[in-house]
There are 2 protein chains.
Amino acid sequence: MEVSEDAALTTALRRGTIEYCVLALLDKRELYGVELVQQLSTGLGMTTSEGTMYPLLSRLRRNGRIATTWREAPAGPPRRYYTLTPDGEAALTHFRTEWVAFRSGVDRILGTEIR
Amino acid sequence: MEVSEDAALTTALRRGTIEYCVLALLDKRELYGVELVQQLSTGLGMTTSEGTMYPLLSRLRRNGRIATTWREAPAGPPRRYYTLTPDGEAALTHFRTEWVAFRSGVDRILGTEIR
DNA sequence: GGCGTTGCCTTGCAGTGCAAGGTACCTTGT
DNA sequence: ACAAGGTACCTTGCACTGCAAGGCAACGCC
């Protein structure tokens, strides 16, 4: 029960942020699907699954925020690598501002500001 | 388009936080529905509506995190005041920890840490 | 009594993260 | 050559939550 509640809690928190975390990761270098899932996990508790990632990537592609190219892998099946489009970069920049404002608001209400 | 996108963006961010922001406000003093909506708006851009608030309050009541008492108002219809239960306080405390961890993770990925 | 205000609540919808399941390609072992 | 396992991609259906829109009841003022 504790565990499932924690899961539900963090799931709710992720809403809307995963999308831009993916953009932020792609801003550093191109990555493929499975790699994105791993980076989010190790990057920090942003643990997620492929069932979340692929629909998300499809959406971002549809919205023109990322572009893809197939590449042969050294071993295993081919990979679809993703990169940011100019639209994606703009969206990311905009979100950073939005996030900082939101974060400050929540911190103020919760009393969790960094001093 | 800009506006609606911003709205969708912040809507997604609110997910899961509004609930605990309400608990945090009630941790300071008892409040009634409309008052909560106002405090969230002025507290900071956490603008929300009654259509969000009342279902949320019902949920919190069902989960035993808040308790209510009807009070006569100086003028106008009676008000339903909400207070935190011990369960509610515990949930709030737990969320603060969770939030700080989540916030740090997102900050690290986005590069929006405070220095 | 009628009208506006305040405060509470419900219905139906939209977006998104996730579990579960499925397909295809490649490598390795026998 | 074939089976088995691993890697990588994708889809379906569900659950949860915030919101717009709308409705109802009590009170005060004219």
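Being a predicted model, the structure only gives us computed values, none of them experimental. The figures that follow rest on heavy atoms only: side chains count, while hydrogens, waters and symmetry mates do not. Note on naming: letters A, B, ... go to the chains in the order of the sequence lines (proteins, then strands), and numbering restarts at 1 for each one.
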Study note, to complete from the structure: Sequence neighbours excluded, the answer for side-chain hydrogen bond (donor to acceptor under 3.5 Å, both in side chains) partners of B:D27 is none

**Study point:** Atom-to-atom span, CZ of B:R59 to C1' of D:dC16 - whole angstrom
**Key:** 8 Å

Point to revise | Aromatic ring pairing A:Y20/A:F95, orientation class (parallel under 30°, perpendicular over 60°, tilted between) | key: parallel

Review point. Do A:T112 side-chain atoms and A:R108 backbone N/O form a donor-acceptor pair below 3.5 Å?
Key: no

Practice item. Would you kindly give the CH2-to-P distance between B:W70 and D:dA25, to the nearest whole Å? Key: 13 Å

Review point. Of A:A75 and A:S58, whose closest DNA chain D nucleotide lies nearer the 5' terminus?
Key: A:A75

Practice item. Nearest whole angstrom, please: distance from the P of D:dA25 to the CD of B:E72. Key: 17 Å

Review point. Angle, rounded to 10°, between the helical axes spanning five pairs at each terminus of the helix from C:dG1-D:dC30 to C:dT30-D:dA1?
Key: 0°

Review point. So, is A:R15 near the phosphate of D:dT17, with a side-chain N or O under 4.0 Å from OP1 or OP2?
Key: no

Check your understanding: Of B:G76 and A:T52, whose closest DNA chain C nucleotide lies nearer the 5' terminus?
Key -> B:G76

Practice item. May I ask you to verify if any side-chain N or O of B:R14 is less than 4.0 angstrom from the OP1 or OP2 atom of D:dC19? Key: yes

**Study point:** Carboxylate-amine/guanidinium proximity below 4.0 Å for A:E113 and A:R103
**Key:** no

Point to revise | Heavy-atom contact window of chain B on DNA chain C, given 5' to 3' at under 4.0 Å | key: C:dT6 to C:dG15

**Study point:** salt bridge (charged side-chain N to carboxylate O under 4.0 Å, His left out) pairs, two or more places apart, involving residues 74-85 of chain A
**Key:** none

List, one per line, each side-chain donor-acceptor pair under 3.5 Å for residues 83-92 of chain A, sequence neighbours excluded.
residue: A:T85; atom: OG1; partner: A:G64; partner atom: O; Å: 2.7
residue: A:T85; atom: OG1; partner: A:R65; partner atom: O; Å: 3.1
residue: A:T85; atom: OG1; partner: A:D87; partner atom: N; Å: 3.4
residue: A:T85; atom: OG1; partner: A:G88; partner atom: N; Å: 3.1

Point to revise | Residue-level proximity of residues 26-36 of chain A to DNA chain D when a heavy atom falls under 4.0 Å | key: A:Y32, A:G33, A:V34

Revision key, fill the gap. Sorted by position of nearest nucleotide on DNA chain D, 5' first, the leading residue of A:P78 and B:P74 is A:P78

